[in-house]
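Numbers here are sequence positions counted from 1.
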Amino acid sequence: MNGSDTKIPQATAKRLPLYYRFIQSLYNSGKLRVSSAELSEAVKVDSATIRRDFSYFGALGKKGYGYNVQHLLTFFRKTLNQDEVTNVALIGVGHLGTAFANYNFLKNNSTRIVVAFDADEEKVGTTTHDVPIYHVSDMKEQIEANQVDVAILTVPSQFAQSVADELVEYGVTGILNFTPARLNVPASVRVHHIDLSIELQSLVYFMKHYSQSAEGVKS
């Protein structure tokens, strides 16, 4: 993102790719303008939040007119650096890692997995969905050769910190961590932790919580 995003709340920053995907879809369908209400219905974020998110970036729309789709698309493409390709390394080619390689961000032309690493000698030297697999001992050479900025971590949790330490040493500045381990990295490195078991537990909790609340209202 651009230099002004240091003042943008993290919650807003995390919603920007969601807005961009829908706006890109609108543009491809030939739509010229969109209202905050239409955006709200599509991305499931309330209109007031959308208007507040957009307000951080100045006047993106006009009251009574809505937003010019092409203008929004150009703005978000620049803000999210969509004209630059971010090379990603996949560390750990198990079931989850293989799924990532298969998907390989097909809906996002600016992000791609270019190399994968594993400790399993049977996987080394092969490819998974056109992504070459190297031994973890080759990370330094291949990360530098492929100009990797971001790594997806799907290794066993007991190895997560040591692998993260190596990634930081080799110049990786962003880690998407799918292990339960909480990583310690320098302030210059951004880590997003995604623990699927916690997300599932959270989902079940909110299902029960809101279900009980709804029953209470009905009674």
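In this structure, V45 is a member of the same hydrophobic cluster as L16, with clusters built from ILVMFWY side-chain heavy atoms closer than 4.5 Å. No path of Ile, Leu, Val, Met, Phe, Trp and Tyr side chains, each step under 4.5 Å between heavy atoms, connects L153 with I194, placing them in separate hydrophobic clusters. Linking ILVMFWY side-chain heavy atoms closer than 4.5 Å, directly or via other members, places V168 and F159 in a single hydrophobic cluster. Follow the hydrophobic side-chain contacts under 4.5 Å out from F178 and you never reach V191; the two are in separate clusters. V131 and V136 are members of different hydrophobic clusters when ILVMFWY side chains are connected at heavy-atom separations under 4.5 Å.
A 4.5 Å side-chain heavy-atom check between K140 and E166 finds every atom pair outside the cut-off. You'll find the side chain of V150 stays beyond 4.5 Å of the side chain of V148, heavy atoms only. Residues N184 and Q161 form a side-chain contact, since some pair of their non-hydrogen atoms from C-beta on lies under 4.5 Å apart. V88 has its side chain out of reach of R112: every pair of non-hydrogen atoms, C-beta onward, lies at least 4.5 Å apart. You'll find the side chain of R33 stays beyond 4.5 Å of the side chain of Y67, heavy atoms only. Contact annotation: the side chain of Q142 approaches that of F117 to within less than 4.5 Å [non-hydrogen atoms, C-beta and beyond].
No side-chain donor-acceptor contact under 3.5 Å links N177 to the backbone of H192. Judged purely by atom type and a 3.5 angstrom limit, D138 has no side-chain atom pairing as donor or acceptor with the backbone of Y134. Between the side chain of T79 and the main chain of F75, a donor-acceptor pair closer than 3.5 Å is present. The backbone N or O of I133 sits nowhere less than 3.5 Å from a side-chain atom of K123 that would complete a donor-acceptor pair. A distance-only check finds a donor-acceptor pair linking the side chain of D195 to the backbone of S197 [under 3.5 Å].
Interatomic distance, CZ of R77 versus CD of Q24, reported as 6.5 Å (0.5 Å rounding). For the atom pair H129 NE2 and Y103 OH, the distance stands at 14.0 Å (nearest 0.5 Å). A distance of 7.0 Å separates CG in N68 from CG in L72, rounded to the nearest 0.5 Å. L183 contributes atom CG, which lies 10.0 Å from atom OG of S162 (distance to the nearest 0.5 angstrom). Atom OG of S47 sits about 11.5 Å away from atom CZ of R52, to the nearest 0.5 Å. Atom CZ in R15 sits 11.5 Å away from atom CD1 in I8 (nearest 0.5 Å).
Atom CG of L203 has more than 12 heavy atoms from other residues, nucleotides or ligands within 6.0 Å. For Q158, the CD atom sits in a packed shell: over 12 heavy atoms of surrounding residues, nucleotides or ligands are nearer than 6.0 Å. Taking a 6.0 Å sphere around CG of D130, one finds it holds 12 or fewer heavy atoms contributed by other residues, nucleotides or ligands. By the neighbour-count criterion of 12 heavy atoms within 6.0 Å, atom CD of E144 is densely surrounded, having more than that number from other residues, nucleotides or ligands.
Partners of Y27 by side chain to side chain contact (heavy atoms under 4.5 Å, CB included), not counting sequence neighbours, listed by chain and number: V69, Q70, L73.
Closest heavy-atom contact between I143 and L167: CD1-CD2, 3.5 Å. Nearest heavy-atom pair across S36 and R51 is OG-NH1, 3.1 Å. Here the shortest heavy-atom pairing between G97 and T154 reads CA-OG1, 3.9 Å. Nearest approach of I175 to A164, heavy atoms of both residues: CD1-CB, 4.1 Å.
Each of Y56, Y19, F54 was compared with T12 under the side-chain contact (heavy atoms from CB on, under 4.5 Å) criterion, and only Y56 meets it. With I152 as the fixed residue, the side-chain contact (heavy atoms from CB on, under 4.5 Å) test singles out one of I91, I113, L96: I113.
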Under the side-chain hydrogen bond (donor to acceptor under 3.5 Å, both in side chains) rule, what do S25 and N28 come out as? Steps first, then yes or no, please. CA-CA 5 Å; S25 176; N28 292 339; over 6 Å; no
Give the intermediate values and the outcome of side-chain contact (heavy atoms from CB on, under 4.5 Å) for residues V189 and V172. CA-CA 8 Å; V189 177; V172 170; 5.9 Å; no
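With salt bridges taken as basic N to acidic carboxylate O contacts below 4.0 Å, one links E38 and K31.
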